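These notes are about the structure you will find just below.
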Amino acid sequence: MPYFLFLIMKKIIKDTYEYVIIIIIVVLIRTFIVSPVRVVGPSMKDTLLNGDIMLLDKISYKFNDIKRYDIVVIKYEGESIIKRVIGIPGDKVECINNKLYINDEKIDEKYLATGTITSDFSVESISGKETIPDGYYLVLGDNRENSKDSRMIGLIKKSNIKGKASYTLFPFSRFGKKK
């Protein structure tokens with residue numbers, strides 16, 4: 001290789017290596033730590049709205065347990081869906097006359113969409129078991145009348161939960177932590 005080509009290549013590498021390193025870091029962060037996720041559909045209304053862009057935390061569940069009421073992103077049939085964790089392993093969950101009971105205690109669901117009606121269900125009617133087995137979770141949308149959730153798709157395996165979605169990034173008028 002002629003010396004002048006060597007000098008040109010050396011200059012190109014010197015001028016671009018910082019950008020390559022930045023790109024690699026961004027790809028690693030997006031792949032393993034956090035990434036944006038878009039809310040599709042009305043199933044989490046009024047908490048989350050169709051088109052909201054949230055920050056998906058992919059790493060916190062490697063070190064912490066999934067908690068009741070966390071908003072999670074689930075891998076289901078090649079799609080990412082966003083739901084709220086209602087039942088955790090060991091819980092008995094049922095809805096009777098539009099009232100949710102967890103371990104026989106009535107739960108006040110302040111996050112539900114206004115006027116939401118939840119049809120009767122139980123863990124037993126979903127899974128055939130009285131309580132949620134280890135490694136599984138019961139998830140529901142906040143807009144129960146318009147949500148494809150555990151009542152239709154069954155209990156969710158922990159391995160299908162991609163991470164926690166707590167922060168809305170866009171639109172800016174809805175920026176912040178969601179509960």
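Since this is a predicted model, take the numbers as computed values, not measurements.
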Ring-ring centroid check Y17 Y19, cutoff 6.0 Å: no

Taking the side chain as everything from C-beta on, heavy atoms only, tell me whether I161 gets closer than 4.5 Å to I66. yes

Under a 4.0 Å N-O cut-off, is there an ion pair linking R84 with D149? no

With distance as the sole criterion, is a donor-acceptor pair present between the side chains of K75 and S80 under 3.5 Å? no

K92: which of N103, D104, T131 passes side-chain hydrogen bond (donor to acceptor under 3.5 Å, both in side chains): D104

I'd like to check L55 versus S166 (side-chain heavy atoms, cut-off strictly below 4.5 Å). Are they in contact? no

R38 with D52: basic N within carboxylate O range, under 4.0 Å: no

Ion pair E79/K148, N-O distance below 4.0 Å: no

Residues D70 and Y61: side-chain donor-acceptor under 3.5 angstrom: yes

Same cluster for V72 and L56 if Ile/Leu/Val/Met/Phe/Trp/Tyr side chains link at under 4.5 Å? no

With a 4.5 Å heavy-atom cut-off, do E109 and R144 have their side chains touching? yes

Common cluster, F121/Y111, ILVMFWY with side-chain heavy-atom separation under 4.5 Å: yes

For D134, does the CG atom have more than 12 heavy-atom neighbours from other residues, nucleotides or ligands under 6.0 Å away? no

Give a yes or no on whether the backbone of K164 and the side-chain of D57 come within a donor-acceptor separation of less than 3.5 Å. no

Please find the pair of heavy atoms, one from G115 and one from E145, that lie closest to each other, and give the distance. O-OE1, 3.7 Å

